[in-house]
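This is a predicted model, so every value here is computed, not measured. All ligand and atom numbering here is 1-based and tracks the order in the structure.
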Amino acid sequence: MTSVDNFKVFYDEDADLKWLRGKKVAVIGYGSQGHAHALNLRDSEVAVTVGLPLHSASKARAEAEGLRVLTPAQAASGADVVMMLVPDEVAAEVFQQDIAPNLKPGDFLAFAHGFNVHFGKIVPPAGVEVFLAAPKGPGRTVRQQFVQGKGVPCLVGVLNEEHPDTLRLALSYAKAIGGTRAGVFQTTFKEETETDLFGEQAVLCGGLTSLMKMGFETLVENGYSPVMAYFECVHEMKLIVDLIYEGGLSHMRASISNTAEFGDYLVGPKVVTAQTRERMQEVLGHIKAGEFANQWLAEHQSGGATFKKLRHLEQGHLMEKIGASLRSRMSFTKPT
Ligand code: NAD
Ligand code: MG
């Protein structure tokens, strides 16, 4: 039998900020993750600079926060720890051009997603140790929670298990961005990359949006009002997921009617079937073989026409139009 509680969680007392405070950190990129890391590091009294291209639109925002902004090459050359927070599809190019020439033996290279390292698109130079510090949440939440004295759970990993200082530095980094306040879990580049891609494709993003759309379309095709379809298949999703987040499936099922609960047990497996499980296996196989990574990088390199076409198509879906109209009339859904 598999033990369910034999995993190690690192909290504040398991990590020491002094390891990171003794080093200079460059955060490359100032988007979702970049702004949160840079600001949390600064507030944890870590010497941090931000690396951005000269004409980056994010530069003014970083400077308005009092952060020092240099070019990626300059930031990397002055740093002991370089955290790569540019989009995964451009990271290898930025690394080759700006970062690699400015790394010296003894430096550390860090990532918030193992994608490029695991699939061999970024090959760290000899003498440079590599770690992962990946918050399990969007950058906005990483910053918001930190400001409130809380944190977002974080994954850490090291590429070279033999180097004794890398894990303690990764933990020190995770503490500085607030991760150890919530709990830090150790993983590997391989596990983080493959589970992250699988989760977002099959369940969180791809699976969820396809389920919602198919439910919405089924109701609308059968003559029901798109407003009702939106409430049933989209709006109420959050209420259900919040209950699961708080207390698991049982807690959610304790809050819904017995009618809903019986329908859940009976019909769920008829909608998400053994065939879906087979598809999930295929999706995972595709990810593990690096085929998805190659497909995505090739798409980016060829100008991203398919990506843009799909984005445009999805934005025009009736569910999106009805949703925008409904939300504009529902003050309670406005972000606070
Ligand atoms: P993002 O798109 O929000 O931000 C990217 C930043 O990189 C922007 O500031 C952009 O100006 C900058 N940039 C773009 N091209 C650049 C270049 N050539 N040189 C320097 N900077 C450049 O990206 P993100 O979502 O924060 O993702 C960063 C990393 O964090 C990725 O590895 C991603 O997988 C990982 N991650 C993201 C999230 C998330 O919630 N967004 C969560 C966990 C991990
Ligand atoms: Mg993810």
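- Contact analysis puts P72 in contact with ligand 1, with a non-hydrogen atom separation below 4.0 angstrom.
- Atom numbering of ligand 1 starts at 1 in the shown order; those under 4.0 Å from a heavy atom of P138 are 40 (O).
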Hey, mind stepping through V152 and I177 against side chain to side chain contact (heavy atoms under 4.5 Å, CB included) and telling me if it holds?
-> CA-CA 9 Å; V152 166; I177 60 170; over 6 Å; no

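- Heavy-atom proximity to atom 10 (C) of ligand 1, evaluated over S58, S32, G139, is greatest for S58.
- Ion pair D264/R253 flagged as a salt bridge, since at least one NZ, NE, NH1 or NH2 atom sits closer than 4.0 Å to an Asp/Glu carboxylate oxygen.
- Of all atoms in ligand 1, numbered sequentially from 1 with element shown, those under 4.0 Å from a heavy atom of G31 are 3 (O), 4 (O), 6 (C), 8 (C), 9 (O).
- For a threshold of 3.5 Å applied to N or O pairs, the pair formed by P53 and ligand 1 contains no separation below that value.
- The closest non-hydrogen atom to atom 13 (N) of ligand 1, taken over N116, D88, V86, I99, comes from V86.
- Residue V94 touches ligand 1 through its side chain alone, judged by heavy-atom distances below 4.0 Å.
- Residue-ligand proximity, P135 to ligand 1, at heavy-atom distances under 4.0 Å covers atoms 43 (C).
- When heavy-atom distances to ligand 1 are checked against a 4.0 Å cut-off, A57 has no atom that comes that close, whether in backbone or side chain.
- Of the candidates E221, E320, E314, K213 forms a salt bridge (Lys or Arg N to Asp or Glu O under 4.0 Å) with just one, namely E314.
- Of all the heavy atoms in Y30 and A38, the pair that sits closest is CE1-CB, 4.1 Å.
- Partners of F307 according to the ring pair (Phe, Tyr, Trp, His ring centres under 6.0 Å) rule, which considers only residues two or more places apart in sequence or in another chain, are W296.
- Which parts of ligand 1 touch S56 is read off a 4.0 Å heavy-atom cut-off, strictly below it: atoms 11 (O).
- Every atom of ligand 1 is numbered from 1 in the order shown, and the set under 4.0 Å from a heavy atom of Y30 is 6 (C), 8 (C), 9 (O).
- A salt bridge between D107 and K24 is absent, with no side-chain N of the basic residue lying under 4.0 Å from a carboxylate O of the acidic one.
- Of the candidates M83, K136, Q33, it is Q33 that places a heavy atom closest to atom 39 (C) of ligand 1.
- The distance from ligand 1 to the heavy atoms of G29 drops below 4.0 Å at these ligand atoms: 6 (C), 7 (O), 9 (O), 12 (C).
- With F10 as the aromatic partner, K8 meets the cation-pi criteria of under 6.0 angstrom to the ring centre and within 45 degrees of the ring axis.
- Looking at F131 and L159, their side chains never come closer than 4.5 Å, going by heavy atoms from C-beta outward.
- Residue H113 has no nitrogen or oxygen atom sitting less than 3.5 Å from a nitrogen or oxygen atom of ligand 1, judged on distance alone.
- With a 4.0 Å heavy-atom cut-off, ligand 1 is reached by the backbone of A112 and by its side chain too.
- Within the set P87, A91, G114, the minimum heavy-atom distance to atom 7 (O) of ligand 1 is found for P87.
- Residue V220 is grouped with residue L326 when hydrophobic side chains (ILVMFWY) are merged at heavy-atom distances under 4.5 angstrom, including chains of intermediate members.
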Step-by-step side chain to side chain contact (heavy atoms under 4.5 Å, CB included) determination, F108 to V82 | CA-CA 6 Å; F108 292 85; V82 178; over 6 Å; no

